[in-house]
Engineer: 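If you scroll down you'll find the structure; I have some questions about it.
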Amino acid sequence: QVQLMESGGGLVQTGGSLRLSCVTSGTIFSINTMAWYRQTPGKQRELIASITDSGTTNYADSVKGRFTISRDSAKNTVWLQMNSLKPEDTDVYYCHYSTFSYNFWGQGTQVTVSS
């Protein structure tokens, strides 16, 4: 069982920055992928960024050059640094952990970017 604790969401102006954090606890396997998703209620959840245990990252085209995902596997923590935020980035952001056939979600944190 894995639990994910998110923090860092909030309200920010266009062009501002936020840093989301996700701390995992429980039985953490060394081979895993951490990721950030976002979802508007009633819409499909979208993968924003992911990072593997080896450090390989990938980003959605909409956030490339603006968002950076990083992790400290020893502390089972993943961050999402969000810069140059736009109103279209407004959404609920979810932390995700996956390994083999298991996956777990965070509770979600609201990010609101005002015009």
Side-chain angles (χ1 to χ4, degrees):
Q1 302 295 321
V2 175
Q3 297 79 45
L4 293 82
M5 183 176 67
E6 299 171 307
S7 62
L11 175 65
V12 66
Q13 297 180 24
T14 297
S17 298
L18 286 173
R19 185 173 185 250
L20 306 183
S21 299
C22 176
V23 180
T24 59
S25 61
T27 303
I28 307 301
F29 292 92
S30 59
I31 302 175
N32 66 73
T33 298
M34 300 295 299
W36 289 95
Y37 290 73
R38 63 187 181 188
Q39 182 178 32
T40 299
K43 303 296 182 181
Q44 186 172 344
R45 192 164 295 183
E46 175 189 15
L47 174 64
I48 299 303
S50 66
I51 184 168
T52 69
D53 55 277
S54 63
T56 300
T57 61
N58 74 85
Y59 299 91
D61 289 340
S62 60
V63 305
K64 287 181 179 177
R66 299 188 298 120
F67 291 10
T68 302
I69 188 171
S70 60
R71 69 183 295 165
D72 183 343
S73 294
K75 298 180 179 180
N76 296 318
T77 302
V78 62
W79 298 270
L80 184 67
Q81 179 66 48
M82 304 184 294
N83 298 325
S84 301
L85 285 163
K86 307 173 181 179
E88 51 263 43
D89 295 320
T90 296
D91 221 326
V92 178
Y93 285 70
Y94 296 88
C95 182
H96 183 260
Y97 160 92
S98 65
T99 181
F100 302 102
S101 62
Y102 298 93
N103 69 94
F104 298 89
W105 293 96
Q107 78 284 355
T109 184
Q110 177 70 48
V111 172
T112 302
V113 184
S114 62
S115 300

Engineer: For a 4.5 angstrom cut-off between non-hydrogen side-chain atoms, does R71 reach I51?
Structural biologist: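 In contact.
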
Engineer: Do V113 and L11 sit in one hydrophobic cluster, given that two such residues count as connected whenever their side-chain heavy atoms are within less than 4.5 Å of each other, even indirectly?
Structural biologist: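 No; tracing contacts between hydrophobic side chains, which count when under 4.5 Å, never links both residues.
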
Engineer: Answer whether the closest heavy-atom distance between the side chains of Q81 and S70 falls below 4.5 Å.
Structural biologist: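 No; the side chains remain at least 4.5 Å from each other.
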
Engineer: List the atom of T14, the atom of S114, and the distance in Å for their closest heavy-atom pair.
Structural biologist: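 Looks like OG1-O, 2.6 Å.
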
Engineer: If you take all heavy atoms of V78 and C95, which pair is closest and at what distance?
Structural biologist: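 Heavy-atom minimum between the residues: CG1-SG, 3.8 Å.
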
Engineer: As an exercise, state the distance from OG1 of T27 to CD of Q3, rounded to the nearest 0.5 Å.
Structural biologist: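 CD of Q3 is found 8.5 Å from OG1 of T27.
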
Engineer: Can you see whether Y94 has R38 sitting over its ring - NZ or CZ less than 6.0 Å from the centre and within 45° of the normal?
Structural biologist: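 No, R38 and Y94 do not form such a contact.
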
Engineer: Nearest 0.5 Å, please: how far is OG in S98 from CD1 in I31?
Structural biologist: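 Going from CD1 on I31 over to OG on S98, the span is 12.0 Å.
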
Engineer: Tell me whether Q13 at atom CD has more than 12 heavy atoms from other residues, nucleotides or ligands lying less than 6.0 Å away.
Structural biologist: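 Counting neighbours around CD of Q13, 12 or fewer heavy atoms of other residues, nucleotides or ligands fall under 6.0 Å, so no.
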
Engineer: Do T33 and T99 have side chains that approach each other closer than 4.5 Å (heavy atoms only, starting at C-beta)?
Structural biologist: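 Heavy-atom side-chain distance check fails, nothing below 4.5 Å.
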
Engineer: Are the side chains of E46 and S62 in contact, using a 4.5 Å heavy-atom criterion?
Structural biologist: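 In short, these two side chains touch, coming nearer than 4.5 Å.
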
Engineer: Atom OH of Y59 and atom OG1 of T57: how far apart are they, to the nearest 0.5 Å?
Structural biologist: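 Interatomic distance, Y59 OH to T57 OG1, rounded to 0.5 Å: 4.5 Å.
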
Engineer: Would you check if V12 and M82 make a side-chain contact, meaning some heavy-atom pair closer than 4.5 Å?
Structural biologist: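 Heavy-atom side-chain distance check fails, nothing below 4.5 Å.
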
Engineer: Would you sort out whether F67 and L85 count as a side-chain contact (heavy atoms from CB on, under 4.5 Å), showing the intermediate values?
Structural biologist: CA-CA 9 Å; F67 291 10; L85 285 163; 3.8 Å; yes

Engineer: Step by step, would you call L18 with V111 a side-chain contact (heavy atoms from CB on, under 4.5 Å)?
Structural biologist: CA-CA 9 Å; L18 286 173; V111 172; 3.8 Å; yes

Engineer: Check G106 against L4 and note the closest heavy-atom contact, atom names and distance.
Structural biologist: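 Shortest heavy-atom separation between G106 and L4 comes out as CA-CB, 3.9 Å.
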
Engineer: So, does T56 use its side chain to make a donor-acceptor pair with the main chain of S54 at under 3.5 Å?
Structural biologist: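 The answer is no, because no donor-acceptor pair under 3.5 Å joins these two groups.
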
Engineer: In sequence, state the C-alpha distance, the side-chain angles, and the governing distance for M34 and S50, and then conclude on side-chain contact (heavy atoms from CB on, under 4.5 Å).
Structural biologist: CA-CA 6 Å; M34 300 295 299; S50 66; over 6 Å; no

Engineer: What do the steps show when you test T40 against D91 for side chain to side chain donor-acceptor pair (under 3.5 Å), and what is the final call?
Structural biologist: CA-CA 6 Å; T40 299; D91 221 326; 3.1 Å; yes

Engineer: Indicate yes or no: at least one non-hydrogen side-chain atom of H96 is less than 4.5 angstrom from one of N103.
Structural biologist: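 With C-beta onward as the side chain, the pair touches.
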
Engineer: Could you tell me if the side chain of R66 sits less than 4.5 Å from the side chain of D89, heavy atoms only?
Structural biologist: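 Result yes, sub-4.5 Å side-chain heavy-atom pair found.
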
Engineer: In sequence, state the C-alpha distance, the side-chain angles, and the governing distance for W36 and L20, and then conclude on side-chain contact (heavy atoms from CB on, under 4.5 Å).
Structural biologist: CA-CA 9 Å; W36 289 95; L20 306 183; 3.6 Å; yes

Engineer: Under the criterion ring-ring contact (aromatic ring centres under 6.0 Å, His included), I'd like the reasoning laid out for Y97 against W105: C-alpha separation, chi angles, the key distance, then a yes or no.
Structural biologist: CA-CA 7 Å; Y97 160 92; W105 293 96; over 10 Å; no

Engineer: Looking at CG of L80 and CD1 of I69, how far apart are the two atoms once the value is rounded to the nearest 0.5 Å?
Structural biologist: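 The CD1 atom of I69 is 6.0 Å from CG of L80, to the nearest 0.5 Å.
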
Engineer: Check whether any side-chain heavy atom of S21 sits under 4.5 Å from a side-chain heavy atom of E6, and report yes or no.
Structural biologist: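 Result no, sub-4.5 Å side-chain heavy-atom pair not found.
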
Engineer: Quick one: CG on D53 to CZ on F29, what's the gap to the nearest 0.5 Å?
Structural biologist: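 Interatomic distance, D53 CG to F29 CZ, rounded to 0.5 Å: 13.0 Å.
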
Engineer: Rounded at 0.5 Å granularity, tell me how far CG in N58 sits from CG in L47.
Structural biologist: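 Between atom CG of N58 and atom CG of L47 there are 5.5 Å.
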
Engineer: Grab the two heavy atoms, one from T112 and one from Q110, that are nearest each other, plus how far apart they are.
Structural biologist: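 So the minimum-distance heavy-atom pair works out to OG1-NE2, 3.3 Å.
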
